[in-house]
Amino acid sequence: MKDLASAFTAANARVFAKLGLDPKHADVRRSDRPDLGEFQANGALAVAKAAGKKPQEVAQSVAAEWSATELSPAPSIAGPGFLNFKVTADALTRRAQFVADDAHAGASLVEHKRRVVVDYGGPNVAKGMHVGHLRASIIGESVKRIYRFRGDEVWGDAHFGDWGFQMGLVITALEDELGGFDDEAKLDARLKALTLDQLEAIYPAYAKRVKEGDINVRDRARKATAALQGGSELHRTIWKAMHDVSMAAQKRDFASLGVDFDLWLGESDADPLIPGMVEDLGKKGLLEDDQGARILRVAGPGETRKKKRDDGTVVEVESPDPLLVVSSEGSAMYGTTDLATIVQRMRDQKPDLILYCVDQRQADHFEQVYRAAAKAGYAQRDQLEHIGFGTMNGPDGTPFKTRAGGVLKLQDLIGQAEEKARHRLKENEIGADFSKEEFEDVAHKVAIAAIKFADLSNFRGTSYIFDLDRFMSFEGKTGPYLLYQAVRIKSILRKAEEMGLTPSPPLRGRGQGEGGRSDAQAPERLNAPHPPTPAPQGGGGVIAIEHESERALALALDAFDGALRTAYDKKSPHFLAEHAFNLAQAFSGFYTNCPILPSEGAVRASRLALAAATLKQLTLTLDLLGIEVPERM
RNA sequence: GCACCCGUAGCUCAGCUGGAUAGAGCACUGCCCUCCGAAGGCAGGGGUCGGGGGUUCGAAUCCCUUCGGGUGCGCCA
């Protein structure tokens, strides 16, 4: 069953077609003038010009043709030709009942199922997870869930940063620490004792030295990089130890964030494909020698820009810059690895689409890689898409730093949020009767909900200011508020059960007893087959929409599919975050104005069914954002 | 220097394939708990949508220009 806006649009398109008007202007959407109608169509104005008629006349003929539909009475005309619709109680009730009975809460499937790889997270072997990885992980996880939920076949890939110059740099640092790698036993012992904390300390120190012009370190690190990529057994052994210790720590961090991958691959996994790929690129005549390196030009004819050189002179160069495929040291660069990863994915997953959920600042880089892939025939340009996002900033508006100026570790950030959650819970006298385990579990869920919702309620493309106090507030547009609303409904449904009231079908199916599970189960739930037809209606909980607040709630429930489709099309979870908040608010109004348990008979059954449907859809929406709802809080 | 992104209420942000009176949260003011969780609800004040010009019946939205902020620009990833 279609959502109401789609049903209206389809019906309106038929009317347009019948009148000889272009149906593409027939779009009907939720009204932004609720005083005039619940849905609106503005197409009469646009189409009037093309048809050489007056907007008012077009609107009148459309309105006249509409009179017979069951969806709505004939629309009213306002202003120069706006059409305003009000849904019939019948149509709205049917829709609400469908959402209540549907295992997917009214969400539609994609028309054409695609195979999609979502590349996100992007942790770095030599750097622990910090706040910089937060957005990539949170947004990517949500995009992955949204795509999967709509019916695509989806692989999430962590794409570890475990290759390239950074590895050579850390190996060089270790060489200095040990005074060389000649003593095998010493090296072995050192590798066994290696921790991620140590890697985290080593890497920035050496990166800084190179950045400050230590050519000796730079050249040794480049040689070490080339040796690693060249298959040196010593270098591979050291790399493996670093890789393993880092991977274990990263997996723990992802788990606590509620982020999970189908593929735990890294840049290194694409390395075996590089020699063959470089050879192939050479054969295709795409590579050129340039200052000792081999490059692949991706700019089209006439694509140039001006560039300022270090000496101050300005020259005209091609744009985008060529992709540097092989460095003058003979090693593979970032772009080379990314290109090889495309080859690998096309071979293994055969995706129709690869989404890269990576910082917006890398837009130019991906443009180079995508163009190179298209030129080489590895993928079509429109199969590759960069889902860029802005930075998470501190109060000063620049990328988030700790007070000391360093990066904040992910675990410390989560810990801070949990601490605030504990305080808030205690302040509100929640959880006094909880076991320690449940209390900690709730605090963790509240913390994660706060962090994720704050991130996902902003459009991904823009940067936002991180303010933990604001995010952790239990009031307003926050994660904790949404959890509160969901938990409040759970509480009502529990009471209803205690009163011996027959739970309606959706309550049994999903709403109750679903929380408190591990994160690992979330993707599995979303993998559940999407039923092509709604589940049969149960005996209890027949919905009847009477009160104005019930109407508002039903309209909010109906809007889920539209929000989901927009989030999918635009790869922007914030449309779903917005929906979750609207739904929670609509429920709150309903809760205030329409007593559920204190009412009786059919009214109570209907309201219970509405509450259960709301919980189901709210839980599902939050799940698509990667947010878990506790049983109580 | 060139390119891209952003500038909307006191603050944090939506809206931007052009459409009616520009929205939300916080903060502020005032109401509503003998009633299912008030972590709530309702009402109100608050805006030259950075400035200027243009296209259009109609511009926060499209084009040009200007100012302010951010980011990127081959041997890091």
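Just so it is clear: chains get the letters A, B, ... in the order the sequence lines come, proteins before strands, and each one is counted from 1. What you see is a predicted model, and the numbers here were worked out from it, not measured in a lab.
For A:S6, the side-chain contact (heavy atoms from CB on, under 4.5 Å) criterion is met by A:K2, A:D3, A:R565, not counting sequence neighbours. Listed by chain and number, the residues in a side chain to side chain donor-acceptor pair (under 3.5 Å) with A:E385 are A:K571 (sequence neighbours excluded).
Whole-Å rounding puts the A:F590 CZ to B:G41 P distance at 15 Å. Counting to the nearest Å, the P atom of B:U8 and the OH atom of A:Y464 are 19 Å from each other. Rounded to an integer number of Å, the gap from NZ of A:K495 to P of B:G37 is 3 Å. Rounded to whole angstrom, the span from the CZ atom of A:R470 across to the C1' atom of B:C11 amounts to 8 Å. Regarding A:N428, its CG atom lies at a distance of 12 Å from the C1' atom of B:G40, rounded to whole Å.
One N or O donor and one acceptor, one from the side chain of A:S491 and one from the base of B:G37, sit under 3.5 Å apart. One N or O donor and one acceptor, one from the side chain of A:N84 and one from the base of B:A20, sit under 3.5 Å apart.
The ring of A:F466 has its center closer than 6.0 angstrom to the ring center of A:F471.
With a 3.5 Å ceiling on both atom-pair distances, the Watson-Crick or G-U wobble partner of B:C4 is B:G70.
Residue A:T462 places none of its side-chain N or O atoms closer than 4.0 Å to OP1 or OP2 of B:G7.
Residues of residues 317-338 of chain A that place a heavy atom closer than 4.0 Å to RNA chain B, in numerical order, are A:D321, A:L324, A:S327, A:S328, A:M333, A:Y334.
Across the C1' atoms, B:C57 and B:C4 are found 34 Å apart, a figure rounded to whole Å.
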